[in-house]
2 protein chains.
Amino acid sequence: MTEDPARHRADAAEDLARGRGGAAEDPVRDPADRVFGALADPTRRALLDLIAEQGEATATSLAVRLPVSRQAIVKHLAVLDAAGLVTAARVGREVRYAVRPDALDATARWMSALASEWDRRLAALKRIAESG
Amino acid sequence: MTEDPARHRADAAEDLARGRGGAAEDPVRDPADRVFGALADPTRRALLDLIAEQGEATATSLAVRLPVSRQAIVKHLAVLDAAGLVTAARVGREVRYAVRPDALDATARWMSALASEWDRRLAALKRIAESG
DNA sequence: CATTACCGCAACCCCAGAGTTGCACATCGA
DNA sequence: TCGATGTGCAACTCTGGGGTTGCGGTAATG
């Protein structure tokens with residue numbers, strides 16, 4: 001009786017709504033969200049490494065260097081593009097991808113700020129514990 | 001998705017993601033790996049918010065504020081713990097979780113350094129393009 | 001010591017997404 | 001113009017992990 005399904009509705013539910021909710025599908029996931037999701041996959045990180053290494057690369061050329069099909073690469077590149085981690089530029093019959101440092105850097109700054117915030121709170125709690 | 005039974009694709013991708021060739025792999029990379037995976041889930045990010053907000057929290061108390069079962073919370077906390085994003089301290093009959101800013105900050109620094117590296121390469125490529 | 005919370009383990013369900021194959025379309029070079 | 005090459009789209013498979021339920025173990029409280 002410890003787990004009551006009836007109370008499976010709470011104030012923080014709205015935070016979850018943007019992730020995976022049955023009805024509302026894609027209500028603007030914030031950039032950091034997509035960056036983390038993109039970076040969570042090892043193949044996508046490998047792609048970023050390869051593109052950064054070559055400066056520019058096409059899906060076909062990347063498919064040669066990774067043990068997955070071109071279509072899989074294309075899907076991953078679409079995710080990376082949506083996350084703002086790469087840019088796609090069509091040149092003639094091919095599409096050239098390049099890494100985009102600013103999205104990565106922005107997320108890094110966001111994380112760093114959050115870490116500082118946690119630090120601040122922890123320090124405050126420690127002071128209260130000591131004085132109380 | 002990390003371990004492929006037919007281990008030939010995921011492994012190669014993993015090798016590439018870890019940086020080519022070097023016997024000594026970046027000690028920061030592996031943690032960053034898990035941090036991305038942990039942060040990729042909206043429920044886990046919500047958990048981090050709640051814990052940071054309260055300073056300390058138990059799985060049961062968190063289950064009240066999130067629309068998922070306690071067991072789900074426990075699993076997520078295990079992931080966050082493995083990623084170094086939270087600490088778990090047993091106090092009597094309960095387990096208290098607290099956020100750990102350093103792992104987050106370390107990953108932020110790693111991302112920032114990577115962004116700088118990309119910037120450097122892009123700048124070099126641009127110079128070549130202009131001079132050529 | 002009986003009761004009351006918490007926690008841990010295990011089995012199970014379900015679906016998003018990583019990966020595939022196949023083919024049609026567009027563009028370059030000869 | 002024709003073949004070669006690179007891309008786009010669609011349907012499909014299948015594993016991982018997020019979620020659940022149920023129950024047994026253990027520490028606090030009266």
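Below, chain A is the first sequence line, B the second, and so on; all start at residue 1. Just so it is clear, the values below take in all heavy atoms, side chains as well, and ignore hydrogens, waters and symmetry mates.
For the pair A/Arg70/A/Val64, no side-chain contact is recorded, criterion being any heavy-atom separation below 4.5 Å from C-beta on. Between B/Leu114 and A/Leu48, the closest side-chain pair of non-hydrogen atoms is not below 4.5 Å. Contact check for A/Arg121 versus B/Glu53: side-chain heavy atoms found under the 4.5 Å cut-off. The shortest distance between side-chain heavy atoms of B/Thr107 and B/Phe36 falls below 4.5 Å. A 4.5 Å side-chain heavy-atom check between B/Thr87 and B/Tyr97 finds every atom pair outside the cut-off.
The separation between A/Ile73 atom CD1 and D/dG6 atom C1' is 14 Å, rounded to whole Å. In this structure, B/Asp41 places its CG atom 14 Å from C1' of C/dG17, rounding to the nearest Å. Rounded to an integer number of Å, the gap from B/Leu47 CG to D/dG18 C1' is 12 Å. Rounded to whole angstrom, the span from the NZ atom of A/Lys75 across to the C1' atom of D/dA11 amounts to 10 Å.
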| request: Evaluate the side-chain contact (heavy atoms from CB on, under 4.5 Å) criterion for residues A/Leu66 and A/Leu50: first the C-alpha distance (whole Å), next the side-chain angles of each, then the deciding distance (0.1 Å), finally the verdict. | output: CA-CA 9 Å; A/Leu66 283 181; A/Leu50 287 175; 3.8 Å; yes
| request: Decide salt bridge (Lys or Arg N to Asp or Glu O under 4.0 Å) for A/Arg45 and A/Asp49; before the verdict, give the C-alpha distance in whole Å, the side-chain angles of both, and the deciding distance to 0.1 Å. | output: CA-CA 6 Å; A/Arg45 289 195 302 274; A/Asp49 272 345; over 6 Å; no
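Within a heavy-atom distance below 4.0 Å of DNA chain C, the residues of residues 90-99 of chain A found are A/Gly92, A/Arg93.
The bend of the helix from C/dC1-D/dG30 to C/dA30-D/dT1, defined by the angle between the axes of its first five and last five pairs, stands at 30° to the nearest 10°.
Listed nucleotides: D/dG19, D/dG18, C/dC7. Nearest to the side chain of B/Arg44: D/dG18. Set against D/dT7, D/dG19, C/dG8, the side chain of B/His76 has D/dG19 as its closest nucleotide. When each of D/dT21, C/dT20, D/dG18 is scored by its nearest atom to the side-chain atoms of B/Gln71, the top-ranked nucleotide is D/dT21.
Comparing B/Ser61 and A/Ala72, the nucleotide of DNA chain C nearest to each residue sits closer to the 5' end for B/Ser61.
Proximity of A/Arg70 to the phosphate of C/dT21: no side-chain N or O atom is located under 4.0 Å from OP1 or OP2. Look at B/Thr60 and you won't find any side-chain N or O under 4.0 angstrom from OP1 or OP2 of C/dA5. Distances shown here put every side-chain N or O of B/Ser69 at or beyond 4.0 Å from the OP1 or OP2 atom of D/dT21.
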Would you give me the side-chain donor-acceptor pairs under 3.5 Å for residues 74-86 of chain A, sequence neighbours excluded?
unit_1: A/His76; atom_1: ND1; unit_2: A/Arg44; atom_2: NH1; d: 3.1

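A/Ser112 approaches B/Ala108 most closely through the heavy-atom pair N-CB, 3.8 Å.
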